[in-house]
Amino acid sequence: MFGALLAVTVLIARSTMRESPAFEQQPPPGAEGAGPLMTTLRSQRPALYRTFAISALGSVTYYVGISYVPTYLGAVSGFSESDALWLSTIAALVVIVVTPFAGALSDRAGRRPALTLFGALAVILPPAMFGLMTQSSFAAARTGAVVLACVAGGISAVAASAIAEQFPVAQRLSGLALGATAATALFGGLTPYASQVLVDSTGWALIPGALVAATALAVLRRLPETAPAVRAPQPGPLAPEPEPQSR
């Protein structure tokens, strides 16, 4: 019911929202010949690969670090369903808190530095955090769940802008549909199942954390900066002229 209310609210907001200047400056549909889907497939393949990789990283960290945690806590750590779901709820709230701060960081420092930071954390922290969650302590499990949520929320926040900025405006929606959605469906849908299968088959309780770390390493090898450049303020008409330097 709450989701339906939000959907109506978003529909009302979107129907009254003006298009961005970058979109309004684009030529009308059909003026460039081929449609945006074919143009994206022909000319934006590197951007599609990058988008797929970034979305894969976000999906793995989110679905392993948050969605899979209740199952992990029940199957591996022996927590009750109620306690596991409470920890998952806490993790979801942490994502809400972390998201605006991660987005602000990427606006100031750039998408690549922010993704590199959170990607490095995704390499280092998940194995240790899953190790904490194997203990029978609620406090230790809560620490592991919260830290994983911070990493997942930070990556998802930065990726939301980074994947869109891989494409020019005319091919942006097609690029997101092909790259981001495919990665989310593949990695988001299969990762929790694959994590449980790997835990059951190997007996290594930390393997979901290793899975997150391996994905992070693969994604961040080469990633161009896409954040809009921050321009230095220009002097106004009333700005004083610089004094001549004495020789």
Side-chain angles (χ1 to χ4, degrees), residues 2-14 17 20 50-70 72 85-126 129-130 133 141-167 172-173 175-177 179-181 183-185 187-189 191-192 208-209 211-213 215-216 219-220 223 225-228 230:
F2 187 66
L5 178 62
L6 285 177
V8 174
T9 304
V10 172
L11 179 62
I12 296 173
R14 185 64 187 88
M17 186 184 302
S20 65
R50 292 193 298 268
T51 298
F52 186 90
I54 297 172
S55 300
L57 173 60
S59 297
V60 169
T61 52
Y62 191 91
Y63 285 96
V64 171
I66 296 179
S67 299
Y68 174 63
V69 163
Y72 184 87
L85 290 176
W86 270 115
L87 287 171
S88 180
T89 302
I90 293 172
L93 293 175
V94 170
V95 171
I96 296 175
V97 174
V98 167
T99 295
F101 293 99
L105 174 65
S106 74
D107 288 339
R108 289 179 175 272
R111 311 293 184 233
R112 182 172 182 173
L115 276 177
T116 301
L117 170 63
F118 288 111
L121 295 177
V123 172
I124 299 170
L125 294 177
M129 295 305 105
F130 276 98
M133 287 189 289
R142 180 179 57 197
T143 300
V146 167
V147 172
L148 289 175
C150 289
V151 175
I155 291 176
S156 297
V158 182
S161 298
I163 60 177
E165 292 167 351
Q166 301 298 316
F167 304 95
R172 186 161 292 170
L173 183 58
L176 292 175
T181 306
T184 301
F187 286 89
T191 297
L211 180 63
V212 175
T215 305
V219 168
L220 295 174
L223 182 67
E225 180 56 63
T226 58
V230 179

Review point. Got a sec, which pairs hit salt bridge (charged side-chain N to carboxylate O under 4.0 Å, His left out) with one end in residues 150-160, sequence neighbours left out?
Key: none

Point to revise | Non-neighbouring partners of V10 that pass side chain to side chain contact (heavy atoms under 4.5 Å, CB included), sequence neighbours left out | key: none

Practice item. Write out all pairs satisfying side-chain hydrogen bond (donor to acceptor under 3.5 Å, both in side chains) with one or both partners inside residues 148-167, taking only residues at least two apart or from two chains. Key: R50-Q166, R111-E165, E165-T226

Exercise for review: For residues 86-101, pull every pair meeting side-chain hydrogen bond (donor to acceptor under 3.5 Å, both in side chains), keeping only residues two or more places apart or in separate chains.
Suggested key: none

**Study point:** Contacts of A152 that satisfy side chain to side chain contact (heavy atoms under 4.5 Å, CB included) - sequence neighbours left out
**Key:** T61, Y62, I66

Revision key, fill the gap. Closest non-hydrogen contact found for L115 with A159 is CD2-N, 4.4 Å

Practice item. Using the test side chain to side chain contact (heavy atoms under 4.5 Å, CB included), find all partners of L93 that sit at least two apart in sequence or belong to another chain. Key: I96

Point to revise | For Y63, all residues meeting ring pair (Phe, Tyr, Trp, His ring centres under 6.0 Å), sequence neighbours excluded | key: none

Point to revise | Beyond-backbone contact of V64 with P126, side-chain heavy atoms, under 4.5 angstrom | key: no

Revision key, fill the gap. L87 and A141 have their tightest heavy-atom pair at CD1-CB, 3.8 Å

Check your understanding: Got a sec, which residues hit ring pair (Phe, Tyr, Trp, His ring centres under 6.0 Å) with F167, two or more places apart in sequence or on another chain?
Key -> none

Exercise for review: Decide yes or no for L125 and L148: does some side-chain heavy atom of the first lie under 4.5 Å from some side-chain heavy atom of the second?
Suggested key: no

Study note, to complete from the structure: Looking only at heavy atoms, the pair that brings A149 and V95 closest together is O-CG2, 3.6 Å

Exercise for review: Could you list the residues that satisfy ring pair (Phe, Tyr, Trp, His ring centres under 6.0 Å) with F118, not counting sequence neighbours?
Suggested key: none

Check your understanding: Between OG1 of T116 and CG of L121, what distance do you get to the nearest 0.5 Å?
Key -> 11.0 Å

**Study point:** Nearest-0.5 Å distance, CD1 of residue I155 to CG of residue L57
**Key:** 4.0 Å

**Study point:** Pairing residues for A56 by the side chain to side chain contact (heavy atoms under 4.5 Å, CB included) criterion, not counting sequence neighbours
**Key:** A183, F187

Check your understanding: Does the side-chain contact (heavy atoms from CB on, under 4.5 Å) test come out yes or no for L117 and L105, once each step is laid out?
Key -> CA-CA 10 Å; L117 170 63; L105 174 65; 4.0 Å; yes

Check your understanding: Residues two or more places apart in sequence or in another chain: which of them pass side-chain hydrogen bond (donor to acceptor under 3.5 Å, both in side chains) with Y72?
Key -> none

Point to revise | Contact summary for G153 and V98, nearest pair of heavy atoms | key: C-CG1, 4.2 Å

